[in-house]
Amino acid sequence: AALVAGSAVAAEYPTRPVNMVVPFSAGGPTDTVARSLAEAMRPTLGETVVVENKGGAGGTIGVSHVARSKPDGHTILLMHIGFSTAQSLYKDPGYTSESFDPIGLVLDVPMTIIARSDFPANNITELVEYLKANKDKVSLANAGIGAASHLCGTMFMNALGIELLTIPYKGTGPAMNDLLGKQVDVMCDQTTNTTQHIKAGTVKAYAVTSKQRVPTLPDLPTMQESGFDGFEVGIWHGLWAPKGTPKPALEKLQAALQAGLADKAFQERMSGLGANLLPDRANPEALAAHVNQQVPQWAELFKKAGIQPQ
Ligand code: MLT
């Protein structure tokens, strides 16, 4: 009887709005994806998806919050590559891959290297020269250790052999506000946050981190073209539920994710911001396999680069 009652409850899922936790500030790139995805998943779920921003410590505060949340399908997590990198950047990030049931991969976003609109350098060559000559005067914004902006910024500084003063925020939403306000100098951030500002000319942009140029930002060279051999980083995003979420809820969430990725408005909004949707990998097996490949890969890379866990 208990089993029957249990599956009856699960079959009714969701019984109330679903919380989608974004482990960064509102107004940033993850939040932008989350708000569109929440809307696109709603028809399948038959309930509203409410985005909850829980920023801090490069995303690990929000991710570990979801790891500890009730596994009933009413709390889910949208996170990116930092889900895997933070596991070797922190001694104790407050979660492991095993703290979650994967739902699926969502999309992949290129990054852009940008600066405040009045920054002296006008192209990537000038930027490299300027940074090398003025490394003690330039500030680099990021969203904390474990964030995509931290990863890309670290790769960039390592490639140049310099160390800039880094200013951590709870997300690149507020970091972008300070860049627009000229309180900070440079940043590496996802096209989902930078495209509108690059097009408006309110920031300067130098390069994209994808293998190919980004169709929506055709004038920006790739890092590879700019002389940074092998400098390629894509910010994949995934959707997770806390470990132990009932199977019917996971299945409904996966169906909602797939319907969301097939939604025309979502597709147009995301491709307009330079993101590539991953409908073929929007399933638990693909996300689990990807994470299992990414965690040791980044651990190895950080070890080689001499980056110690905090
Ligand atoms: C954000 O949503 O604020 C970003 O994804 C932060 C980052 O990872 O750089």
Exercise: identify the closest heavy-atom pair between [X] and [Y]:
X      : Y      : value
Thr60  : Ala86  : CG2-CB, 3.7 Å
Ala249 : Gly73  : CB-CA, 4.3 Å
Gln267 : Leu261 : NE2-O, 2.9 Å
Thr191 : Leu273 : OG1-O, 2.7 Å
Pro242 : Lys70  : CG-O, 4.1 Å
Thr195 : Gly272 : CG2-O, 3.9 Å

[X]-[Y] side chain donor-acceptor pair, cut-off 3.5 Å:
X      : Y      : value
Ser139 : Asp185 : yes
Asp178 : Tyr169 : yes
Thr194 : Thr112 : yes

Sort and list the pairs that fulfil disulfide bond (SG atoms under 2.5 Å apart) and have at least one residue in residues 117-189, not counting sequence neighbours. Cys152-Cys188
Are any of the side-chain nitrogens in Arg16 or Asp72 under 4.0 Å away from the carboxylate oxygens of its partner? yes
Short N-O contact, Glu39 and Arg42, less than 4.0 angstrom: yes
Do [X] and [Y] touch side chain to side chain, with heavy atoms closer than 4.5 Å?
X      : Y      : answer
Leu287 : Ile103 : no
Ile114 : Met176 : yes
Gln294 : Trp236 : yes
His74  : Pro14  : yes
Val233 : Leu151 : yes
Leu239 : Leu253 : no
Tyr90  : Pro309 : no
Lys204 : Asn122 : yes

Criterion side-chain contact (heavy atoms from CB on, under 4.5 Å) on Leu164 and Phe156, from CA distance to verdict: CA-CA 10 Å; Leu164 303 171; Phe156 189 45; 5.9 Å; no
Trace of the side-chain contact (heavy atoms from CB on, under 4.5 Å) decision for Tyr95 with Val66: CA-CA 9 Å; Tyr95 69 92; Val66 177; over 6 Å; no
Quick check against the 3.5 Å criterion: does [X] have a side-chain atom that pairs as donor or acceptor with the backbone of [Y]?
X      : Y      : answer
Gln224 : Asp229 : no
Thr75  : Asn19  : no
Asn53  : Phe24  : yes
Asp263 : Phe266 : yes
Ser149 : Ala143 : yes
Lys54  : His65  : no
Thr209 : Met111 : yes
Thr222 : Ser210 : no
Tyr13  : Pro246 : no
Thr48  : Pro17  : no

With a sphere of 6.0 Å drawn around [atom1] of [X], does it hold more than 12 non-hydrogen atoms of other residues, nucleotides or ligands?
X      : atom1 : result
Glu225 : CD    : yes
Gln212 : CD    : no
Lys247 : NZ    : no
Lys211 : NZ    : no

side-chain contact (heavy atoms from CB on, under 4.5 Å) between Arg213 and Leu217, intermediate numbers included: CA-CA 7 Å; Arg213 288 193 181 206; Leu217 297 167; over 6 Å; no
Between Thr32 and Thr192, does a side chain to side chain donor-acceptor pair (under 3.5 Å) hold up when you go through it step by step? CA-CA 7 Å; Thr32 294; Thr192 32; over 6 Å; no
Using side-chain contact (heavy atoms from CB on, under 4.5 Å), reason through Asn283 and Gln254 one step at a time and then give a plain yes or no. CA-CA 6 Å; Asn283 60 71; Gln254 190 199 333; 3.5 Å; yes
[X]-[Y] co-clustered via ILVMFWY side chain contacts under 4.5 Å:
X      : Y      : answer
Met20  : Leu45  : yes
Val22  : Leu77  : yes
Ile61  : Ile145 : no
Leu140 : Leu180 : no
Leu179 : Val186 : no

Atom pair [atom1]/[atom2] of [X] and [Y] - distance to nearest 0.5 Å:
X      : Y      : atom1 : atom2 : value
Leu278 : Leu105 : CG    : CG    : 6.0 Å
Glu52  : Leu78  : CD    : CG    : 13.0 Å
Thr154 : Glu163 : OG1   : CD    : 8.0 Å
Leu127 : Ile113 : CG    : CD1   : 7.0 Å
Glu268 : Ser36  : CD    : OG    : 11.5 Å
Trp240 : Ser99  : CH2   : OG    : 12.0 Å

Applying side-chain contact (heavy atoms from CB on, under 4.5 Å) to Ser97 and not counting sequence neighbours gives Phe83, Gln87, Val291, Val295
